[in-house]
Amino acid sequence: MFLSFLNQTSNLKFSSNNIKSSISFLFTKNIINTQQIERNFTKYNFQSSKIQRNFSKKENSYQEATKNSEKLIASEFTDHLPILPLIKKPIFPNTVIKISITHKNLSRYFDNLSRQHTKYVGLFLTKEPYVAQSNDMQTPKSQIEIFLDSLISQKNQEKEKTKEEKENKEKEKEKVKEEKNNVKQSSEEFVINPNNRGMDGIKSYEQLHHVGVLGRILSSNLTTERGVKTNLVIISALERIRLQSTQMVNTHLEGVVGNHPFRENNYYADVAIRAYTLNIIETIHQLIARKPAYGRDLNVQFLDTNINSPNELCNLVGVLTSTRRDILQQVLEETDELKRLERTLTLLKGELEINDIQQDIDTQIQLQLENQQRRIILEDQLQFIKRELGMKTDDKKVVIGKILEIVKKKSKYLPDHAIKAIKEQLTRLETLHISSSEFNNIRNYLDWILNLPWNKFQKENLDLSLAEQILEEDHFGLKDIKKNILEFIAVGNLKKKFSGKILCLVGAPGVGKTSIGKSIARALNREFFRFSLGGLTDVMELKGFKRTYVGALPGIFIQALKKLKTSNPVIVLDEIDKMGMSYKGDPASALLEALDPEQNSEFMDHFLDIPVDLSKVLFVMTANVIDTIPRPLLDRMEILRISGYVEEEKMKIAKHYLVPRAMEETGIKDDQAEITESALRILIKDYCREEGVRNLQKQIEKIFRKVAYKIAKGRYQNEDDKNLKEAEKEGNKNAKKSNFEKIYIKDDNLTDFVGQPLFAKERIFKIPTVGVSIGLAWSHYGGSLLFIESVISENNYPNDTINEIPSKSKEENDNSDQDNEEKKKKLIIKNASNMYGSLKITGQLGNVMQESSQIAYSFAKTFLRKSEPSNDFLKVQHIHTHCPEGAIKKDGPSAGVTIVTSLMSLALDKPIKADLAMTGEITLTGKILPVGGIKEKILAARRSDIKHLIFPFENQRDWNELENYIKEGLNVHFVKNYQELFKIAFEI
């Protein structure tokens, strides 16, 4: 009915988007006179009143009684009116609301109130959108708790209910249904519970807006919702009222209210009000046209609205809109009818704009869906047409057919377990759609299996002479390493096949561990693959990811086999000593399966989930130290130590490898630059003392870069020569650009290319000094000299020993200074005989070296007492022993003999032999035990021009294994006990 009325009045367009401008336009231009406006509105009012008369015929006696009682509300029920706070939005007159009350006291109160004659309550919006009581906060229940509580409550409720209560509830429901047909009802349900909002949070007049509506309780129904007892109260909002004061009465709030005054203008006399009213009706009509849900709400819920009453029209719009609570409260409180219509029209325009935006979004989404659907349909049609014409078969069949062809070709290489896995996956593949993600995952899995080199091996080199030639071409020196590799090849030559092996190359940085791995692969004629384990903390990098992960891949070993297309490559795993451990697993433990020859024949990758044979792979590990490698993994490796290069080896490496490579990389020819042998020797001794040749390579490259700069700069300057340009213009092609001289890098101009020397002589004591001995130390980066200094502490004796000398007069002191000095010495010696000495040692020493110093101190006192019984120096003196270069950590037992010799030199007041260095572990009985790193220590001594060396007797076998050019010019003594060393050091 209401829709038909709006359709009849839709042609009355008295307003535009700007209402005030349209009204001004009407009055200033006199386009439409007032009589014409009144005639149009008279026609409209007649139609509206006709509709209202039709509805008034359907009103029953209960509605008439309700309306008659509304006129007396302001005067009869203004004192002690129960106040119900609203949280979400205000309620407008002629509206029905549903309130769920879970608070026990409030629920009981409203249930009693609904049974009384005066069933009225004041509905006022709170000023704050949320009212909370910390004491009322409760922990939310889980779904299981709610379900169990609901079952228990339902059983209890069924026992408590009686037939009379059921009949009363049915009667109340019928009354509510009758009233709903004639009174507007809001679709919103208000909930009041003790946890977050309700009357408990509102206790003062200032917390509420002072304009609300008067409501009449229509029904009160006690129910149980989700295990919670709830009072469902339905209230009909009647008219606007003003709150004057409040007070707390037990559990609820009561207040004194009065009529809310408002100025109602004459609808027919005020043209602006009529223009606003028609504009609101037109906007509602637009909303109905764009969103039919509004039309259904108007037909069902708002048939009793008087269109000729602007206030009722504003109430209708207030219920429809979903704007902010404060804006709706302003519409409710507005007393001026024209301003209220203006606010209402603004709300409707905003609702219309929101609806337009929603329609735009819906249109865009619909277009996207239509385009996707259209593309899918066209693709299906295209595939159907191609199949009908024989141009193309089903894609899934094509994919499966190609896989079957590959399986057929590789069937003789594929193991049985691989064929079984392929068949299982093909069976699954046939049941899946080609566009599904699982289809692509299975296809990727099958590609990995089929592309692995199952039982495919590269032909290996079994010729020892050829392998030896290749190793000599790639590396100079390293005889032990080459010997081990050739022995491995010899075993393969006899067996006519190679088995997998695990080699671990241990050495300082830059000695060529990785390049040795390449040479091994080249000598064996195998493919080469390198992977760095430094910083690796994820086991999945080695063992592969499960296929359930997005973007899963196999481990690095499977990737290497697929890339190299052979099952017997050489795989170099760099920096195995720098692996980490995290919550993702321990990579060192995961390597056990891959590297152990007893297990890797059936290596299980997480991605493939089928055994893969790695037993024919030659694994080469590289490490700087073996201390950080786990013991189970270390036991499966064959350790090959690379000691480093001596000066002669570095010279040959530089001349035959590094210099030609640097000249080739920089584009320098032999006739343009040359570095002399003396310059190379200085470069090695004073700039590159490390065991490897990496730093030497950098310095040589730096030299030739500077040479290239000089050559390029000389060419550029010569190109600007006028005579040269004239000669080129005349066609003289033989004209030389310059008389550019060849650049020689010598020892006198070497600093121009690489700067000042980085290292000085290590011998900080050129002349033998009392209390100073020279030791030989080994570190992860090579050998070095270790100086031990021992001195008497300054605070050796207390000051009281000197003060015991009796004082004399000034004249006596002047005459007997020499006598006093002699007496002081005697007194010091006398008091010192009753004291015990001590040893203080510094220089950032480790625990082992500190223990070794204590052993050396104890043995030195014993040895001194036996060799010179009258000398009690070490027994009574406080000695301070220091190892220079305190910023460097030092540890190990090999400095034991050096510390003993330093203490003996101080006790005997005699320096040791010049150019003498020693190493060895000392025991309390004077035995000298063998130590390691003999080659590195000898190289350190040669760098410092030390000719005399003392080693433990058992290290003689290490000396015999060294090359002759390393031993040349050295005088080495091998001793079994300290008595032999003592005679050599002090030349006794």
Side-chain angles (χ1 to χ4, degrees), residues 451-507 509-534 542 555-576 591 594-597 600-601 603 612-623 636-642 653 656-657 661 692-694:
N451 288 323
L452 286 180
W454 300 99
N455 297 319
K456 288 185 179 180
F457 304 99
Q458 192 171 2
K459 187 177 181 180
E460 297 166 320
N461 174 36
L462 300 177
D463 189 355
L464 282 174
S465 58
L466 180 60
E468 186 176 2
Q469 180 183 351
I470 293 173
L471 292 176
E472 291 294 337
E473 289 176 358
D474 293 345
H475 290 85
F476 180 81
L478 304 178
K479 290 186 177 180
D480 294 339
I481 303 298
K482 294 176 182 177
K483 184 178 179 181
N484 281 276
I485 296 171
L486 293 175
E487 290 173 354
F488 172 73
I489 297 175
V491 173
N493 193 346
L494 295 178
K495 295 176 63 176
K496 302 302 179 182
K497 65 177 182 179
F498 288 100
S499 59
K501 198 172 183 64
I502 307 172
L503 303 178
C504 184
L505 305 178
V506 182
V511 296
K513 298 184 293 296
T514 305
S515 60
I516 289 174
K518 292 182 180 179
S519 299
I520 293 173
R522 183 165 169 250
L524 295 175
N525 192 30
R526 289 191 179 189
E527 295 291 336
F528 175 79
F529 182 83
R530 175 190 170 275
F531 179 71
S532 178
L533 298 175
L542 303 174
I556 191 63
F557 303 114
I558 304 301
Q559 295 181 34
L561 296 180
K562 180 184 177 183
K563 179 181 178 181
L564 302 177
K565 299 186 182 304
T566 178
S567 296
N568 60 339
V570 175
I571 297 180
V572 174
L573 300 178
D574 268 335
E575 313 295 345
I576 194 173
L591 280 175
L595 302 183
D596 191 353
N600 59 10
S601 59
F603 175 74
V612 179
D613 186 9
L614 299 180
S615 60
K616 302 300 186 294
V617 177
L618 175 60
F619 291 99
V620 179
M621 313 293 168
T622 67
R636 290 164 171 81
M637 301 178 184
E638 183 175 349
I639 306 299
L640 301 179
R641 294 188 179 273
I642 303 177
I653 292 172
H656 295 91
Y657 298 97
R661 186 187 302 172
V693 295
R694 184 174 295 152

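Side-chain atoms are counted along with the backbone in the values below, which use heavy atoms only and exclude waters and symmetry mates. Computed from a prediction, not measured in an experiment: that's the story for all the values here.
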Peer 1: More than 12 non-hydrogen atoms from neighbouring residues, nucleotides or ligands closer than 6.0 Å to CZ on Arg641, yes or no?
Peer 2: no
Peer 1: Over all heavy atoms of both residues, which pair between His475 and Lys482 is shortest? Give the atoms and the distance, please.
Peer 2: O-NZ, 2.6 Å
Peer 1: Locate the shortest heavy-atom distance separating Thr566 from Leu561; write the atom from each residue and the value.
Peer 2: O-CD2, 3.4 Å
Peer 1: Could you check if a side-chain atom of Val506 sits within less than 4.5 angstrom of a side-chain atom of Ile642, using non-hydrogen atoms only?
Peer 2: no
Peer 1: Would you find a donor on one side and an acceptor on the other, under 3.5 Å apart, between the side chain of Asn600 and the backbone of Ala594?
Peer 2: yes
Peer 1: More than 12 heavy atoms of other residues, nucleotides or ligands under 6.0 Å from NZ of Lys563: yes or no?
Peer 2: no
Peer 1: Which residue is it: Phe531, Phe529, Phe528? I am looking for the one with a side chain to side chain contact (heavy atoms under 4.5 Å, CB included) to Val572.
Peer 2: Phe528
Peer 1: What I want to check is whether the side chains of Ser515 and Asp474 have a donor and an acceptor closer together than 3.5 Å.
Peer 2: no
Peer 1: Would you name the heavy atoms of Ala623 and Ile576 that are closest together and state the gap between them?
Peer 2: CB-CG2, 3.9 Å
Peer 1: Please identify which of these residues, Glu460, Gln458, Lys616, Lys459, meets the side chain to side chain donor-acceptor pair (under 3.5 Å) condition with Asn568.
Peer 2: Glu460
Peer 1: Out of Ile520, Leu503, Leu618, which one pairs with Phe488 under the side chain to side chain contact (heavy atoms under 4.5 Å, CB included) rule?
Peer 2: Leu618
Peer 1: Does any non-hydrogen side-chain atom of Cys504 lie less than 4.5 Å from one of Leu640?
Peer 2: no
Peer 1: Give a yes or no answer on whether the side chain of Ser567 reaches the backbone of Pro453 with a donor-acceptor pair at less than 3.5 Å.
Peer 2: yes
Peer 1: Check step by step if side-chain hydrogen bond (donor to acceptor under 3.5 Å, both in side chains) holds for Thr622 and Asp574.
Peer 2: CA-CA 5 Å; Thr622 67; Asp574 268 335; 2.5 Å; yes
